[in-house]
Amino acid sequence: MDQLADGTIFIPDYQRDSSEWDLAKKSLFVDSLINNMTVPPLILYPETNPNTGLEKSEVVDGQQRLATIRDFVNGSFDLATEDEVEYASNVGPVIQGRRFAELPEPIQRSIRYYVLNLLVLPTNLDLGLRLEIFRRINEAGTPLSPHDLRLAIFGQCDRVYFIRLAGVFDTGREGATRMIKAAKEKYGLDHPWKDPSAWKDWWIDSAQAAGQAPSQMFLYYAIARDVQKVDELLASDALQNRLGLRYDRTTISVLDLYAAQMQHETLHPEDAPKLLPSLQTLKDWFGSFELWFNTIKQQKVARIGTNSSTKIALFIAAATQVWGTPEKITEEKQWELI
């Protein structure tokens, strides 16, 4: 935990939000530590700073485990009650509903001194191979959503990172803070929301928010605004061969191709001209997205739920073409139809 705190072990920005585990899963993981059960190893990749010669280790897999231990020891959450999870019978009555500081000393020690197994990858693995390892681990274990994987594999460019950043709804969460910091350091990007209150309220308690669904909502919107270029991409065998991806008539393949093409244009600028919108265009499109979303949620159709996020994204894309801005809809009957 000291190494995580001082940055000797660090979580790369391609990892998902460290708040992903729910309370039940965190509590059962703590139960496993107390009972000295075997848990999957942490997978680390060692890096040496060429300027200082100091070694740091990137967490390729295991950030949820590390974050849970750190947060519980630091008193950030109470364990679930026995009504919520099924603990091992030897500890359930003693630990349920308690914080770390409230546990008996022997149990505290069993958590503090639990030995985590480490699997250290060879040095000099390029980022692409580390991302592939990350993808395969998560396909075999607790699965990431298709959009988690999409952002991890094709997120090495400013435009895809902007799409990721557009989905952030709670800037106070650790994973979001890390993401925003990385966006600024790598690409000079700021969190794009001017008034995120309705966006946060909509997603904050929704199970639909898992798997970076808010970011995927904005990606749907961008694609719907860029239909002509998307059609070109889907019709071109040459472009798809260059990306190593195929359009298989599924929505997932469309989203993957769009993100992959953005990354390819950034990493291979010699393959001109660019097909997809520039970063500035995406920012302009986001301004319209925020305006329409806030008007819908704050003023007109507040009852719409997050399970309709894709429909709303597609509607906003169409609405910008039909009306431009929300104030052009002058009849309340039109909002009722919406």
Side-chain angles (χ1 to χ4, degrees), residues 13-25 63-64 67 134-135 138-139 141-155 159-180 182-183 189 191-193 195-226 230 250-260 262-263 282 285-286 288-290 292-294 296-298 301-319:
D13 58 79
Y14 63 76
Q15 288 261 25
R16 61 181 159 177
D17 189 335
S18 64
S19 303
E20 191 81 17
W21 276 8
D22 61 20
L23 180 61
K25 191 157 189 174
Q63 74 145 322
Q64 306 291 332
F134 174 66
R135 178 171 189 151
N138 283 285
E139 284 178 340
T142 302
L144 298 179
S145 72
H147 195 59
D148 278 319
L149 295 171
R150 185 176 303 118
L151 294 176
I153 294 171
F154 307 124
R159 286 175 289 170
V160 176
Y161 217 102
F162 181 82
I163 291 168
R164 185 181 189 185
L165 205 56
V168 173
F169 58 88
D170 184 359
T171 57
R173 297 174 76 180
E174 180 192 355
T177 300
R178 187 174 67 244
M179 191 188 307
I180 292 169
L189 294 173
H191 187 231
W193 284 87
D195 177 10
S197 56
W199 186 243
K200 179 179 178 179
D201 290 345
W202 201 47
W203 290 106
I204 191 71
D205 294 320
S206 173
Q208 303 288 335
Q212 302 205 56
S215 166
Q216 181 170 274
M217 178 180 174
F218 181 71
L219 177 57
Y220 271 113
Y221 162 77
I223 287 176
R225 289 207 57 169
D226 204 21
V230 172
T250 64
T251 303
I252 287 177
S253 67
V254 177
L255 301 178
D256 283 348
L257 281 165
Y258 197 79
M262 281 186 167
Q263 178 172 267
L282 277 181
W285 288 357
F286 179 84
S288 296
F289 177 85
E290 179 177 7
W292 276 95
F293 178 83
N294 283 342
I296 291 169
K297 285 300 296 175
Q298 293 176 335
V301 200
R303 65 183 179 275
I304 290 179
T306 53
N307 59 332
S308 297
S309 61
T310 300
K311 294 177 183 177
I312 296 174
L314 301 180
F315 166 76
I316 294 175

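Hydrogens, waters and symmetry mates are skipped; everything else that's a heavy atom, side chains included, is used.
For the atom pair CG (L23) and NZ (K25), the distance works out to 13.0 Å, reported to the nearest 0.5 Å. For the atom pair CG (N307) and CD (Q208), the distance works out to 5.5 Å, reported to the nearest 0.5 Å. Note: R159 CZ to Y258 OH = 8.0 Å, rounded to the nearest 0.5 Å. K311 NZ to I316 CD1: the interatomic distance, rounded to the nearest 0.5 Å, is 14.5 Å. Rounded to the nearest 0.5 angstrom, D148 CG and R164 CZ are separated by 8.5 Å. Separation of atoms CD (Q212) and CG (L151) is listed at 5.0 Å; rounding is to 0.5 Å.
Counting heavy atoms from C-beta outward, Y220 and T251 have side chains that approach closer than 4.5 Å. Taking the side chain as every heavy atom from C-beta outward, V301 and I312 never approach each other to under 4.5 Å. Counting heavy atoms from C-beta outward, W285 and D226 have side chains that approach closer than 4.5 Å. Counting heavy atoms from C-beta on, the side chains of K297 and W199 never come closer than 4.5 Å. A heavy-atom distance below 4.5 Å is not found between the side chains of L255 and F154. Using a 4.5 Å heavy-atom cutoff, the side chains of H147 and S215 are in contact. When side chains are defined from C-beta on, I163 counts as touching M262, because their heavy atoms get closer than 4.5 Å. Side-chain contact between I252 and R150 is present, with at least one heavy-atom pair separated by less than 4.5 Å.
Remark: the backbone N or O of T171 is paired with a side-chain donor or acceptor of T177 at under 3.5 angstrom. Using a distance-only test at 3.5 Å, with no hydrogens or angles considered, no donor-acceptor pair links the side chain of D195 to the main chain of N294.
In this structure, F169 has its ring center at least 6.0 angstrom away from the ring center of W202.
Partners of D170 according to the salt bridge (charged side-chain N to carboxylate O under 4.0 Å, His left out) rule, which considers only residues two or more places apart in sequence or in another chain, are K200. Residues passing the side-chain hydrogen bond (donor to acceptor under 3.5 Å, both in side chains) test with R225 are Y221, sequence neighbours excluded.
Nearest heavy-atom pair across L165 and A183 is CD2-CB, 3.8 Å. The nearest pair of heavy atoms linking P214 to A209 is CD-O, 3.6 Å. Contact between P192 and F286 at its shortest, heavy atoms only, is O-CE2, 3.3 Å. Nearest heavy atoms, F218 versus L282: CZ-O, 4.0 Å.
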Let me see the working for Q216 and S309 under side chain to side chain contact (heavy atoms under 4.5 Å, CB included), right down to the final yes or no. CA-CA 9 Å; Q216 181 170 274; S309 61; over 6 Å; no
